[in-house]
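The structure appears right after this line, and notes come after that.
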Amino acid sequence: MKSRYSIFSLARNAMNYHKDWERAWRSPTPKSEYDAVIVGAGGHGLATAYYLAKTHKLTNIAVVEKGWLGGGNTGRNTTIIRSNYLQDPSIAIYELARSLYEDLSRDLNFNVMFSPRGVMMLCQTEHEFRAFKRTAHANRLAGLDCRMITPEEVKKIAPIINDDPNCRYPILGAYYQPRGGTGRHDAVAWGYARGADSLGVDIIQNCEVLSIRRDGGKVAGLETSKGFIKTKKIGVVTAGNISTVVQTAGLRLPIESLCLQALVSEPIKPVLDCVVMANTVHGYLSQSDKGELVVGGGTDPYNNYSQRGSFPALEHTVTALVETFPIISRLRMLRMWGGIVDMTGDRSPIIGKTDIDGLYVNCGWGTGGFKSIPGSGYVFADTIFNDRPHPIAEPFGLNRFIEGRLIDESVAAAVAH
Ligand code: FAD
Ligand code: PYC
């Protein structure tokens, strides 16, 4: 068990010039066999391991990661947390996650900096206004705290917005979820890693899964860059790399991998204390605690496995946002990066069992899976432990593509990708 972080441990370590802090997680060598192995130490994989150990007391487990933990999309996203999806199954899982975020710092004894500063989705066409009204009705029926707000309220919440009624895309109103917001992405990965490690989970970094070994219709283990690991249960949670991992077991998934980029400006004084998404012009904006404006837009328009992204996508995002937030035209951008996102046709995730015994997948979160990490980890752990889908995960099974039971969030998800 790890010692707890507290005001007292901070004071004690300050006395020693911070030389004696315990490592947040170990770097164990892999055992030859585990009860279950999770592939991918992003937020979803680490949360799955944490809940397997904490809720189901399954502690002889490992998370294997080809790079460093949290170095995939979890450490590359723009940290927006909200649950305003259109379809009931989506609302259920995203709201479970959002509500777990509320108490996550306490649960993990690690400050994930959840900041429910409010998320505002601008309506810049009549069509968008009607669509968000529909989403607001669906969300309120499901018990979410949300409302439509007027252009005047939009301007009050975010004074830097261009409220010229004669501009190309004037603000007609907005959908507002006051309990949405942001969290610190690295801290979410680190907090889950520390929590899982302290419960006995082995987190093995720099350990690439090369293939999944099968014994007929069931899994036998994993060939990794650190040798063979025997196990009867494998949960693959590798986001944009999911297809390449599961194809080694002979499984094909309805997933496409694309690069999604983001960028940050130089730090400035506080100008924006909520998250604003402008889907018609195709960009979104928030301000980090350091003062940087965090900016994102759409995916590259072609499949690829690059973590850099193309210049036109970046240019499109910035051009779009300058129209809605004129002040950003004077800002220097500091850095940009990309992540490989895993997109399904209906823009909803795939969570559950596969036709191969002991092989479970959790993927397809695409451009929107940071917000779902706690809920996804919770239901995926339950699914793996009990070898049947958790009721909230059930609608997201692979069979929905065969049965034509899609959970269409392609536009309704309120992100324009
Ligand atoms: P990852 O964090 O990518 O973790 C998967 C891990 O698997 C990686 O660490 C990878 O190295 C590892 N791996 C891959 N192959 C192997 C292998 N063969 N062996 C071992 N390990 C392997 N979502 C939101 O909700 N809000 C946002 O604002 C938001 N903004 C985004 C902005 C950008 C630019 C990007 C790229 C994404 C954004 N997302 C957002 C989406 C979100 O980041 C992802 O859906 C989420 O982080 C996925 O988490 P994960 O744990 O599934 O994947
Ligand atoms: O899902 O809210 C989201 C999101 C914003 C930017 C990328 N994804």
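Sequence positions, counted from 1, serve as the residue numbers for this chain. Small disclaimer: the values here were computed from a predicted structure and weren't measured. In each ligand, atom 1 is the first atom listed, and ligand 1 is the first ligand listed.
You'll find the side chain of L96 reaches within 4.5 Å of the side chain of V379, heavy atoms only. Residues L46 and W25 fail the side-chain proximity criterion, which asks for heavy atoms closer than 4.5 Å.
Between T78 and ligand 2, no pair of N/O atoms sits closer than 3.5 Å. Distances between N or O atoms of R82 and those of ligand 2 include at least one value under 3.5 Å.
For ligand 2, the atoms closer than 4.0 angstrom to any heavy atom of T367 are 1 (O), 4 (C), 7 (C), 8 (N). With ligand atoms numbered from 1 in the order given, ligand 2 contributes 1 (O) to contacts under 4.0 Å with heavy atoms of G368. Set against the non-hydrogen atoms of M277, the atoms of ligand 2 under 4.0 Å away are 2 (O), 5 (C).
Annotation: side-chain contact (heavy atoms from CB on, under 4.5 Å) contacts of E102 (sequence neighbours excluded): R98, F114, R179.
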Can you check side chain to side chain donor-acceptor pair (under 3.5 Å) on S310 and D300, steps first, answer last? CA-CA 7 Å; S310 68; D300 275 344; 2.8 Å; yes
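Taking the six-membered ring where the residue is Trp, Y5 and F110 present tilted rings, their angle falling between 30° and 60°. Taking the six-membered ring where tryptophan is involved, the planes of F370 and H185 are perpendicular, since the angle between them exceeds 60° and thus also 30°.
The 4.0 Å heavy-atom shell around ligand 1 contains residues V39, G40, G42, G43, H44, V64, E65, K66, G72, N73, T74, R76, N77, T78, T79, I80, C207, E208, V209, V237, T238, A239, N241, V245, L260, Q261, A262, Y284, G339, V341, W365, G366, T367, G368, G369, F370, K371, ordered by chain and number.
Between D357 and K232 there is no salt bridge, since no side-chain nitrogen of the basic residue lies less than 4.0 Å from a carboxylate oxygen of the acidic one. Taking 4.0 Å as the cut-off between side-chain N and carboxylate O, D346 and R400 count as a salt-bridged pair.
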